[in-house]
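We count ligands from 1, going down the list as the structure has it; atoms in each ligand are counted the same way.
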Amino acid sequence: MEARVAVLASGSGTNLQALLDDEVVGPRIALVVSDRGGAGALDRAAAAGVKPLHLDPADHGSREAYDDALLDLLKTERVDLVCLAGFMRILSPDIVRFFEGRMLNVHPSLLPAFPGARAPRDALAWGVRVTGVTVHLVDEEVDHGPIVLQEAVTVEEDDDEASLHARIKRVEHRLYPRAARLWLEGRLRVEGRRVRIAAEVPR
Ligand code: GRF
């Protein structure tokens, strides 16, 4: 059976789009879940013929109740791989543990530098000359799990947060589908904090 992928997104969904557009990853995306009703990601899912689901925190009394509903949904949909693509909620340990080794996140910095929700702004404020993109497996700490792929992005003299984040996103759109494909091809092996990538098997 082909693996089923869920993408969780809160925002415009440009990373979701990159995943949808990938010829290996796209056809395996079974559903897109957002905590925000107006998220562009839900429109992108619908446009691609993928089930868009708004799971509204207002309908669930607590963070635990929300996460229970989310985990139930992902189980019901028999999801194998979860891709976080700008999902602005911290997930409960239950969900993270259930999907151990099966949940990816894309982050706009070279982790462990600049974790958190404002990485491009923080990189500019620090004055670094180089930042970048990290795709990592999700563990119970935020922006922390074993790193699958990274790529550097140079900070230009005249960058502001918007211009830097836009350049970072262009790299994300290339790196994230590649990492998801590696997972789907069974080529990732986790050894402690290191992720080993097996060579492509020639067809
Ligand atoms: C990306 O920069 C991603 O790294 C971060 O959230 C942003 C989502 O952007 N986690 P988009 O909604 O995919 O355009």
Ile197 CD1: over 12 foreign heavy atoms closer than 6.0 Å: yes
Side-chain heavy-atom pair Thr14, Arg44 within 4.5 angstrom cut-off: yes
Within the protein, flag every N or O under 3.5 Å from an N or O of ligand 1, and note the pair and distance.
{"from": "ligand 1", "atom 1": "2 (O)", "to": "His165", "atom 2": "NE2", "distance (Å)": "2.7"}
{"from": "ligand 1", "atom 1": "2 (O)", "to": "Glu172", "atom 2": "OE1", "distance (Å)": "3.1"}
{"from": "ligand 1", "atom 1": "2 (O)", "to": "Glu172", "atom 2": "OE2", "distance (Å)": "3.2"}
{"from": "ligand 1", "atom 1": "4 (O)", "to": "Val106", "atom 2": "O", "distance (Å)": "3.3"}
{"from": "ligand 1", "atom 1": "4 (O)", "to": "Glu172", "atom 2": "OE1", "distance (Å)": "3.4"}
{"from": "ligand 1", "atom 1": "4 (O)", "to": "Glu172", "atom 2": "OE2", "distance (Å)": "2.3"}
{"from": "ligand 1", "atom 1": "9 (O)", "to": "Lys169", "atom 2": "NZ", "distance (Å)": "3.1"}
{"from": "ligand 1", "atom 1": "10 (N)", "to": "Val106", "atom 2": "O", "distance (Å)": "3.1"}
{"from": "ligand 1", "atom 1": "12 (O)", "to": "Ser12", "atom 2": "N", "distance (Å)": "3.4"}
{"from": "ligand 1", "atom 1": "12 (O)", "to": "Ser12", "atom 2": "OG", "distance (Å)": "3.4"}
{"from": "ligand 1", "atom 1": "12 (O)", "to": "Gly13", "atom 2": "N", "distance (Å)": "2.8"}
{"from": "ligand 1", "atom 1": "13 (O)", "to": "Thr14", "atom 2": "N", "distance (Å)": "3.3"}
{"from": "ligand 1", "atom 1": "13 (O)", "to": "Thr14", "atom 2": "OG1", "distance (Å)": "3.4"}
{"from": "ligand 1", "atom 1": "13 (O)", "to": "Asn15", "atom 2": "N", "distance (Å)": "2.8"}
{"from": "ligand 1", "atom 1": "13 (O)", "to": "Asn15", "atom 2": "ND2", "distance (Å)": "2.9"}
{"from": "ligand 1", "atom 1": "14 (O)", "to": "Ser12", "atom 2": "OG", "distance (Å)": "2.9"}
{"from": "ligand 1", "atom 1": "14 (O)", "to": "Thr14", "atom 2": "N", "distance (Å)": "3.1"}
{"from": "ligand 1", "atom 1": "14 (O)", "to": "Thr14", "atom 2": "OG1", "distance (Å)": "2.5"}
{"from": "ligand 1", "atom 1": "14 (O)", "to": "Lys169", "atom 2": "NZ", "distance (Å)": "2.6"}

Val5 and Leu184, any side-chain heavy atoms less than 4.5 Å apart: yes
Donor-acceptor list for residues 119-133 side chains, cut-off 3.5 Å, not counting sequence neighbours:
{"from": "Arg121", "atom 1": "NE", "to": "Glu161", "atom 2": "OE1", "distance (Å)": "3.2"}
{"from": "Arg129", "atom 1": "NH1", "to": "Glu157", "atom 2": "OE2", "distance (Å)": "3.1"}

Side-chain donor or acceptor of His54 paired with backbone N/O of Gly37 under 3.5 Å: yes
Residues Asp80, Arg28: salt bridge by 4.0 Å N-O rule: no
